[in-house]
Colleague: 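Let me begin by handing over the structure; questions about it come next.
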Amino acid sequence: VSEEFTIGTNPDIKLTDNNQLQLISKVKSSIDKDISTFMSCVTDDNRAIVVYEVWGGGGGSTNTAYFSLVNSGVIGKATIIPNDGSPYWTCQQPLQLTTSDKLYFQCGGGDGGYGSASIYEIDLNTNTSKVLYKCTSQMQNEGETPTITCK
């Protein structure tokens with residue numbers, strides 16, 4: 001792959017790792033949208049996952065995260081997690097990948113006195129996900145103690 005991938009909004013920072021560029025190229029060809037973020041990791045037992053996001057809408061209202069297992073260079077069907085209603089929502093924190101391909105990931109966002117953080121269980125074999133835990137914080141007026149709710 002001869003293409004470079006610009007990291008963030010700085011055109012001077014380029015990703016040049018050929019393996020990463022090949023994964024990005026495969027992902028880009030599988031969806032009809034621009035990729036806003038991309039993350040991949042390989043485990044000690046050579047399993048790999050890719051996480052990518054498509055951002056959109058005012059304040060990130062239509063941000064969507066995609067999670068896929070990579071087998072022998074082939075990117076599997078994506079598990080899709082849409083924004084949970086939080087402004088500037090994103091999925092940035094991997095927590096754990098089990099030997100049965102369940103991925104635990106933290107997603108969240110916030111702005112203007114509101115914030116959220118959720119832990120998702122993503123089954124990369126069945127392409128299903130569920131929220132295990134979600135905390136929100138809401139501040140009515142600047143400087144006040146926020147109300148925090150977890151369930």
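Only a predicted model underlies this, so the values are computations on that prediction, with no experimental measurement involved. Count residues from 1 along the sequence. All values below were derived from every heavy atom in this structure, side-chain atoms included, with hydrogens, water molecules and symmetry-related copies excluded.
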Colleague: Provide the full list of disulfide (SG to SG under 2.5 Å) pairs with a residue in residues 39-81, sequence neighbours left out, each pair given once.
Modeller: none
Colleague: Contact between Lys134 and Thr136 at the side-chain level, heavy atoms closer than 4.5 Å - yes or no?
Modeller: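 Yes, their side chains come closer than 4.5 Å.
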Colleague: With clusters defined by side-chain heavy atoms of hydrophobic residues (ILVMFWY) lying less than 4.5 Å apart, directly or transitively, does Ile122 cluster with Met39?
Modeller: yes
Colleague: For atom CG of Asp45, decide whether the heavy atoms of other residues, nucleotides or ligands shown that lie under 6.0 angstrom number more than 12.
Modeller: yes
Colleague: Would a single hydrophobic cluster contain both Ile119 and Ile80, if residues Ile, Leu, Val, Met, Phe, Trp and Tyr are joined by side-chain heavy-atom contacts under 4.5 Å?
Modeller: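 Hydrophobic grouping puts Ile80 apart from Ile119.
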Colleague: Under the rule for side-chain contact (heavy atoms from CB on, under 4.5 Å), what residues qualify as partners of Gln106, not counting sequence neighbours?
Modeller: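 Testing Gln106 for side-chain contact (heavy atoms from CB on, under 4.5 Å), a comparison that skips the adjacent residues, returns Gln93, Leu95, Ala117.
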Colleague: With a cut-off of 3.5 Å and sequence neighbours excluded, list every side-chain donor-acceptor pair involving residues 141-151.
Modeller:
from: Asn141; atom 1: ND2; to: Glu144; atom 2: OE2; distance (Å): 2.8

Colleague: If Ile, Leu, Val, Met, Phe, Trp and Tyr residues are connected whenever their side-chain heavy atoms lie under 4.5 Å apart, and connections chain through other members, are Leu124 and Val50 in the same group?
Modeller: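 Leu124 does not cluster with Val50.
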Colleague: Is Ile31 reachable from Ile24 through a run of hydrophobic residues whose side-chain heavy atoms are each under 4.5 Å from the next?
Modeller: yes
Colleague: Can you find a pair of side-chain heavy atoms, one from Val51 and one from Pro94, that are under 4.5 Å apart?
Modeller: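 The answer is no; the side chains never approach within 4.5 Å.
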Colleague: Just verifying a value: how many Å separate Ile81 CD1 and Asn83 CG, rounded to the nearest 0.5 Å?
Modeller: 11.5 Å
Colleague: Hydrophobic clustering (ILVMFWY, side-chain heavy atoms < 4.5 Å, transitive) - are Tyr104 and Val131 grouped together?
Modeller: no
Colleague: Enumerate the side chain to side chain donor-acceptor pair (under 3.5 Å) contacts for residues 49-60, please, sequence neighbours excluded, ordered by first and then second residue.
Modeller: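 Only Glu53-Trp55, Glu53-Thr90 qualify under side chain to side chain donor-acceptor pair (under 3.5 Å).
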Colleague: Could you pull out the closest heavy-atom pair between Phe105 and Gln92, with the gap in Å?
Modeller: CE2-N, 3.7 Å
Colleague: Table please: side-chain donor-acceptor pairs of residues 58-79 below 3.5 Å, with sequence neighbours left out.
Modeller:
from: Ser61; atom 1: OG; to: Gly58; atom 2: O; distance (Å): 3.4
from: Thr62; atom 1: OG1; to: Gly56; atom 2: O; distance (Å): 2.8
from: Thr62; atom 1: OG1; to: Gly57; atom 2: N; distance (Å): 3.2
from: Asn63; atom 1: OD1; to: Gly56; atom 2: N; distance (Å): 3.0
from: Asn63; atom 1: ND2; to: Trp89; atom 2: O; distance (Å): 2.7
from: Thr64; atom 1: OG1; to: Thr62; atom 2: O; distance (Å): 3.2
from: Ser68; atom 1: OG; to: Gly76; atom 2: O; distance (Å): 3.1
from: Thr79; atom 1: OG1; to: Asn127; atom 2: ND2; distance (Å): 3.4

Colleague: Could you measure the distance from the CG atom of Leu23 to the OG atom of Ser40? Nearest 0.5 Å is fine.
Modeller: 5.5 Å
Colleague: Can a donor-acceptor pair be found, under 3.5 Å and without considering hydrogens, that links the side chain of Asn19 to the backbone of Gln22?
Modeller: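 Answer holds: no.
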Colleague: Show me the pairs that pass salt bridge (charged side-chain N to carboxylate O under 4.0 Å, His left out) and involve residues 87-109, at least two apart or across chains.
Modeller: Arg47-Asp101
Colleague: Please give me the minimum heavy-atom distance between Asp84 and Ser86, naming the atom from each residue.
Modeller: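 Heavy-atom minimum between the residues: OD1-OG, 2.8 Å.
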